[in-house]
Structure formats: C-alpha cells, structure tokens
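Heads up, the thing below is written out as structure tokens.
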Amino acid sequence: MRLAALFSGGKDSTLAIQLAEAMGHHVDYLITVKAASEESYYFHYPNIWTTSLQARAMDRRQIMVSARSVSRDDELQALRDAVELIRDEVDGLLSGVNRSRSQHDSFQRLCEELGLKFLAPLWMRDPREVLEEVVSSGITAMIVGVAAMGLGRELLGKIIDHELISLLNSLSEKYGVSMLSEGGEFETLVLDSPLFKKRIEILDYEIRWSGYSGMLLVREARLAEK
C-alpha cells in the first residue's frame with residue numbers, strides 16, 4: 001500500500017514507518033499536525049518544528065497543518081484537511097498508536113469516511129517489547145519532556161537505551177507510568193534511525209521546568225553527516 005504516516009517526530013511514529021516498510025508498504029508522505037498547545041488530545045507538542053528536519057533526513061514529503069484549538073474536533077479536522085490533500089495519492093494512513101483507544105478509533109473512523117485503510121503496527125503490542133525494538137532497530141530517541149510521578153528533570157536529554165527501559169519498567173510497576181507514554185508521561189525526539197540519510201544534531205536548547213514536569217526545547221538544530 002501507499003501510506004501517509006502520522007508523524008510526530010517521536011519513537012513510535014518512526015518505528016511504525018520502519019515496520020510498515022518492512023512489510024512491503026511504501027510510506028510516501030508524513031503528516032504532522034501542529035497542536036494548539038501542549039494540552040493536545042491527539043498530537044505531540046514540544047519541538048514539532050524539528051519534524052521538517054527529520055522529513056528532510058528521510059527524504060520524505062511532509063504535510064504540516066495547524067489545529068485551530070485543542071478541541072478533539074478541531075484536531076481531527078486538521079488531520080482530515082491534511083489527508084484530503086493527498087487522498088488520491090495514498091491507500092491508507094499509518095499510525096504508531098499502541099494503547100490509546102480514543103486515538104485508534106478516531107483515526108480508524110476518519111479513514112473509513114475517506115475510503116482509506118488504517119494501519120497501526122504497534123497496536124496492543126507489549127509496551128516494553130516495543131521499547132526494546134525501538135532500541136534494537138537502531139532508533140536514537142531522546143527524552144524531551146516529562147510529566148509523571150517518578151520522572152525527574154535528570155531524564156531530559158537522555159537517550160532511550162536498555163538501562164533506561166529497565167528504569168521505565170520499574171516506574172511503570174510502582175506508579176503506573178505508561179512505558180510508551182501514550183498518556184503524555186514523557187515525550188521523545190528521534191535524532192537518528194535507519195530511515196535517516198543524515199542525523200539530527202542539536203546546537204542549542206532550553207530546559208523549562210515547573211513543579212513536577214518539564215521540557216527540553218530545541219532552539220537550533222541541523223542535519224549532520226552520519
């Protein structure tokens with residue numbers, strides 16, 4: 001199938017593309033929805049501008065649209081507008097959703113209304129298994145946001161590796177933190193993957209922290225040779 005991938009720049013959407021292409025599909029487009037605020041129901045918020053660099057690194061065509069507000073209706077309308085731009089050029093929509101029933105069902109309904117297939121290769125897979133595959137598949141994903149009990153400022157800027165997966169597993173057992181962060185417990189930014197012809201190099205950033213949550217905001221970045 002010719003697919004358009006919902007692309008946030010994080011680990012799940014990147015892994016979903018790798019898996020879909022391993023199945024023989026062609027991911028021709030990346031669709032990125034800019035949420036109106038970090039309170040978004042469906043889409044990532046921090047560092048979304050860097051997806052344009054990632055799209056260039058993957059040599060993929062990107063469609064970026066902005067949601068008018070944080071309402072579910074406005075966010076889904078922004079996605080619909082993006083999909084309709086390429087409706088005749090793709091057969092389906094690809095998502096990295098894992099456990100969020102509201103996201104899965106909303107995206108699936110949208111595809112049914114537009115006559116497209118919906119593909120979610122991570123759906124209902126074991127979260128730790130997915131994280132292990134992120135690492136083993138060669139994806140370099142950095143934590144750029146934390147907002148959950150047990151996740152401290154020291155995690156900002158950390159690359160997900162097997163040691164960090166063990167920590168997240170412990171926090172999941174102790175506090176109920178989602179290991180894949182579908183509840184927004186943490187956010188990631190992919191700096192490199194087998195899909196990338198070049199890697200993302202961060203030149204400048206700012207850390208914002210308030211109470212028990214914070215973000216690493218990338219101020220300047222560029223593509224660099226691998």
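Heavy atoms only: backbone and side chains are in, while hydrogens, waters and symmetry mates are out.
By the 30° and 60° cut-offs, the orientation of the rings of His104 relative to Phe118 is perpendicular.
The two atoms that bring Phe186 and Met179 nearest to each other are CZ-O, 3.2 Å, heavy atoms only. The minimum heavy-atom distance between Ala35 and Glu75, with the atom names listed, is CB-OE2, 4.0 Å. Here the closest heavy-atom approach between residue Ser100 and residue Val97 is recorded as O-CG2, 3.6 Å. Ala78 and Val33 make their closest contact through CB-CG1, 4.0 Å (heavy atoms, listed as atom of the first residue, atom of the second, distance). Summarising the geometry of Pro127 relative to Asn98, their closest heavy-atom pair is CG-OD1, 4.1 Å, with the distance given to 0.1 Å. The heavy-atom pair separating Gly150 from Leu171 by the smallest distance is O-CD1, 3.6 Å.
A 4.5 Å side-chain heavy-atom check between Arg72 and Ser106 finds every atom pair outside the cut-off. Looking at Arg99 and Met124, their side chains come closer than 4.5 Å, going by heavy atoms from C-beta outward. Counting heavy atoms from C-beta outward, Arg61 and Ile86 have side chains that stay 4.5 Å or more apart.
In this structure, OG on Ser95 lies 10.5 Å from CD1 on Ile17, to the nearest 0.5 angstrom. A distance of 11.0 Å separates CG in Leu217 from CG in Leu189, rounded to the nearest 0.5 Å. Considering CG of Leu53 and CZ of Arg222, their distance stands at 11.5 Å, rounded to 0.5 Å. The CG atom of Leu3 lies 7.0 Å from the CG atom of Asp91; values are rounded to the nearest 0.5 Å. Taking CD1 of Ile160 as the start and OG1 of Thr140 as the end, the distance is 10.5 Å to the nearest 0.5 Å. The distance from atom CG of Leu116 to atom CG of Leu94, rounded to the nearest 0.5 Å, is 12.5 Å.
In this structure, the side chain of Ser172 engages the main chain of Val177 through a donor-acceptor pair within 3.5 Å. Judged by distance alone, the side chain of Trp49 and the main-chain N or O of Thr51 form no donor-acceptor pair under 3.5 Å. No donor-acceptor distance shorter than 3.5 angstrom exists from the side chain of Asp74 to the backbone of Ala67, with no hydrogens or angles considered. Listed for the Asp126 side chain is a donor-acceptor partner under 3.5 Å among the backbone atoms of Glu129. For the pair Lys226 (side chain) and Phe196 (backbone), a donor-acceptor distance under 3.5 Å is present. Proximity of a side-chain donor or acceptor of Arg87 to a complementary backbone N or O of Leu114 within less than 3.5 Å is detected. Counting only distance, with no hydrogens or angles, the side chain of Gln54 and the backbone of Gly9 share a donor-acceptor pair below 3.5 Å. Using a distance-only test at 3.5 Å, with no hydrogens or angles considered, no donor-acceptor pair links the side chain of Arg153 to the main chain of Arg208. Side-chain atoms of Ser13 do not come within 3.5 Å of backbone N or O of Phe7 as any donor-acceptor pair. Side-chain atoms of Glu220 never come within 3.5 Å of backbone atoms of Leu203 as a donor-acceptor pair (strictly under, hydrogens ignored).
In the hydrophobic cluster analysis, where Ile, Leu, Val, Met, Phe, Trp and Tyr join through side-chain heavy atoms closer than 4.5 angstrom, Val83 is grouped apart from Met64. In the hydrophobic clustering of this structure, Leu151 groups with Leu164; members are Ile, Leu, Val, Met, Phe, Trp, Tyr whose side-chain heavy atoms approach within less than 4.5 Å, directly or through other members. Hydrophobic clustering keeps Leu156 apart from Tyr212 (ILVMFWY residues linked when any side-chain heavy atoms are closer than 4.5 Å, directly or through intermediates).
A side-chain donor-acceptor contact under 3.5 Å links Gln77 and Asp81. A donor and an acceptor atom, one from each side chain of Gln62 and Thr32, are located under 3.5 Å apart.
Atom CD of Glu113 sits in a crowded spot, with more than 12 heavy atoms from other residues, nucleotides or ligands closer than 6.0 Å. Around the CZ atom of Arg68, the shell of radius 6.0 Å holds no more than 12 heavy atoms that belong to other residues, nucleotides or ligands.
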Check the pair Ile200, Val218 against side chain to side chain contact (heavy atoms under 4.5 Å, CB included), reporting the backbone distance first and the verdict last.
CA-CA 11 Å; Ile200 307 296; Val218 178; over 6 Å; no
Could you please spell out the steps behind the side chain to side chain contact (heavy atoms under 4.5 Å, CB included) verdict for Arg101 and Trp123?
CA-CA 10 Å; Arg101 176 62 66 179; Trp123 182 241; 3.6 Å; yes
Show your working on side chain to side chain contact (heavy atoms under 4.5 Å, CB included) between Arg109 and Leu76 and close with a plain yes or no.
CA-CA 11 Å; Arg109 277 195 301 271; Leu76 287 174; 5.9 Å; no
Take Glu187 and Asn47 through the test side chain to side chain contact (heavy atoms under 4.5 Å, CB included) and record every step on the way to the result.
CA-CA 10 Å; Glu187 304 280 357; Asn47 302 309; over 6 Å; no
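With salt bridges taken as basic N to acidic carboxylate O contacts below 4.0 Å, one links Arg128 and Glu132. A salt bridge is absent between Arg2 and Asp28; no separation between the charged side-chain nitrogens and carboxylate oxygens falls under 4.0 Å.
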